[in-house]
Number of protein chains: 2
Amino acid sequence: MDARQLPLAQPTQPERADATRNRALLLSTARALLEQNGVDNLTMDGLARAAGLGKGTVFRRFGSRTGLLLELINEIETEFQRRFLSGPPPLGPGAAPIERLVAFGRERIAILAVQGDLLRAADEGPDARFVSPPRAAGQLHISILLRQAGFDGDVDVQSFNLIATLDAALVLYENRGEQIEMRRVADGWEDLVRRVARPRS
Amino acid sequence: MDARQLPLAQPTQPERADATRNRALLLSTARALLEQNGVDNLTMDGLARAAGLGKGTVFRRFGSRTGLLLELINEIETEFQRRFLSGPPPLGPGAAPIERLVAFGRERIAILAVQGDLLRAADEGPDARFVSPPRAAGQLHISILLRQAGFDGDVDVQSFNLIATLDAALVLYENRGEQIEMRRVADGWEDLVRRVARPRS
DNA sequence: GGTACAACCGGACCATGGTCCGTTTATTCC
DNA sequence: GGAATAAACGGACCATGGTCCGGTTGTACC
């Protein structure tokens, strides 16, 4: 059992009171703007102005637009993580590894169906896409389950392959661009997992 | 047998002579800049200046930076496409479908090992990533081979899943970020394909 | 050749992510 | 409370992808 958590979730170094206040203000303002205009229209400058702060402040707090989105997503990801790490089966511990894997993907896809746009926007940038802590946590989880299931292949590589299959942009494109219902995508995940997990030859 | 080709490869509507000339000039200039400075330092304005043309011209010819990169890549993709559509086996026709699938991924990964940065840069943008003609062609190819192999699952969804596994950014991250040798990535592809293609249950 | 028109060209202009640095302010320690 | 310091702040500034439109030029047709 690996207890790695989202770094975002743990309290960071002591932050000055005004900084903390502004972070909270920015996050709530961002959420409001998000709900109102959608993620595509959330600009850093606009957020700064709406919060009555300077643009520099926004960047200092979150580093980049992606960083901001990552914090906005944090709640969703943390909740998901909690559920697959310690929630009820079949997602959480207690069910067979394969069943947990199946549930993991199905849950993920269900989340994407609802929060897809935000999740997708959050891992933009061709590089940063793989560095995000939530993604790393999910991949680690897959690795662990694969091993527990007695997977007899290259766990590292296959965990990359499996999680790539749950990429927000990919799933959203299948669904919206290609008109494939989420149900089929989810069934596809289950089928893939079961095929992959069977002993080799 | 589906003869769909890269739209890029077929001659488009008659283009005025100066336009054609400038397109060629821009492409060769871009290639020179690319070799010299790397893809990250190729800017549209810089290209225009280096070619002695206006920025608007560059955008008119290629639509966007991604469009330009797509044309730069066209040669590589067309060649690859030719090989898997009509080249010698096991990549081309003549080998068993599964073997062709295996060869397809291995070849793709080999190409990424060499031209990775350019290929990755070419499908940026969270949306446009799936629309690019080369990708569509590759996915279609996978679909066809899966069917020929008698695959008994959801071909559409699994072709998405399989091709996602060969994404440039993903493979490059495995290799460079996680220090997984390309050989392992390629072996992982083969293993994945063979597992997926076996009859269900 | 001349004329008309569509296509092309250029570069000013815009939007937005990100950086910089002089100024302000919270905090700590006397 | 006051001084010292590190952190935070703000907004001007930069780079770059992308748009626009008035002027130019290739091409077709007479």
Side-chain angles (χ1 to χ4, degrees), chain A residues 11-27 29-30 33-34 37-72 118 120-129 131-132, chain B residues 11-27 29-30 33-34 37-72 118 120-129 131-132:
Chain A
T12 49
Q13 293 295 23
E15 204 172 44
R16 246 169 60 170
D18 50 350
T20 305
R21 201 182 331 123
N22 283 338
R23 150 169 285 129
L25 171 63
L26 284 168
L27 283 175
T29 305
L33 290 176
L34 217 51
N37 306 322
V39 63
D40 290 343
N41 293 309
L42 180 69
T43 78
M44 297 302 263
D45 194 61
L47 170 59
R49 212 131 6 104
L53 295 173
K55 193 177 173 180
T57 302
V58 181
F59 275 92
R60 165 177 334 258
R61 281 284 81 74
F62 305 109
S64 67
R65 196 181 117 102
T66 297
L68 168 66
L69 294 177
L70 240 31
E71 291 226 10
L72 286 172
L118 185 53
R120 173 179 51 181
D123 54 24
E124 265 176 4
D127 344 301
R129 210 155 91 227
V131 186
S132 98
Chain B
T12 48
Q13 294 295 25
E15 202 172 46
R16 247 171 58 173
D18 49 352
T20 305
R21 203 183 328 124
N22 283 338
R23 149 170 286 128
L25 171 62
L26 284 168
L27 283 175
T29 305
L33 290 177
L34 217 52
N37 305 322
V39 64
D40 290 343
N41 292 310
L42 181 68
T43 79
M44 297 301 262
D45 193 62
L47 170 59
R49 213 138 357 109
L53 295 174
K55 194 177 172 180
T57 303
V58 181
F59 275 91
R60 166 178 332 265
R61 280 286 79 74
F62 305 109
S64 68
R65 195 182 119 102
T66 297
L68 168 66
L69 293 177
L70 240 31
E71 290 226 12
L72 286 172
L118 185 54
R120 174 178 52 180
D123 54 22
E124 265 175 6
D127 344 301
R129 211 156 87 228
V131 186
S132 97

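All values below come from the heavy atoms of this structure, side chains included, with hydrogens, waters and symmetry mates left out. Quick note on labels: first sequence line is chain A, next is B, and so on, each numbered from 1.
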Side-chain donor-acceptor contacts of residues 37-44 of chain A below 3.5 Å, not counting sequence neighbours, with atom names and distances?
{"from": "A:Asn41", "atom 1": "ND2", "to": "A:Asn37", "atom 2": "O", "distance (Å)": "3.0"}
{"from": "A:Thr43", "atom 1": "OG1", "to": "A:Gly46", "atom 2": "N", "distance (Å)": "2.9"}

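What you find for B:Ala122 and B:Thr66 is that their closest heavy atoms are O-CG2, 3.2 Å. When all heavy atoms of B:Lys55 and B:Asp45 are compared, the closest pair comes out as CD-OD1, 3.5 Å. Minimum interatomic distance between A:Leu69 and A:Ala121 (heavy atoms only, all atoms of both residues): CD1-O, 3.5 Å.
Side chains of A:Leu68 and A:Leu47 form a contact here, defined as non-hydrogen atoms less than 4.5 Å apart. Residues B:Phe62 and B:Arg23 are in side-chain contact: their nearest non-hydrogen atoms beyond the backbone lie under 4.5 Å apart.
Each of B:Lys55 and A:Phe59 has a nearest nucleotide on DNA chain C; the 5'-most of these lies closest to B:Lys55. Nearer the 5' end of DNA chain D, as judged by each residue's closest nucleotide, is the contact made by A:Gly54, out of B:Leu42 and A:Gly54. Along DNA chain C, the nucleotide nearest to A:Asp40 and the one nearest to B:Gly52 differ in position, and the one closer to the 5' end is contacted by B:Gly52.
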note = B/S/- along nucleotides 24-30 of chain C (protein heavy atoms under 4.0 Å) is -BSS---
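Remark: side-chain polar atoms of B:Arg61 are not paired, donor with acceptor, to backbone N or O of B:Asn22 under 3.5 angstrom. Between the side chain of A:Thr57 and the main chain of A:Leu53, no donor-acceptor pair closer than 3.5 Å is present.
Taking every nucleotide of DNA chain D with any atom under 4.0 Å from a non-hydrogen atom of chain A, the first and last of them, 5' to 3', are D:dA6 to D:dG11.
Look at CZ on B:Arg61: it is 11 Å from P on C:dG10, rounded to the nearest Å.
Within 4.0 Å of B:Arg60, counting heavy atoms only, lies at least one base atom of the nucleic acid.
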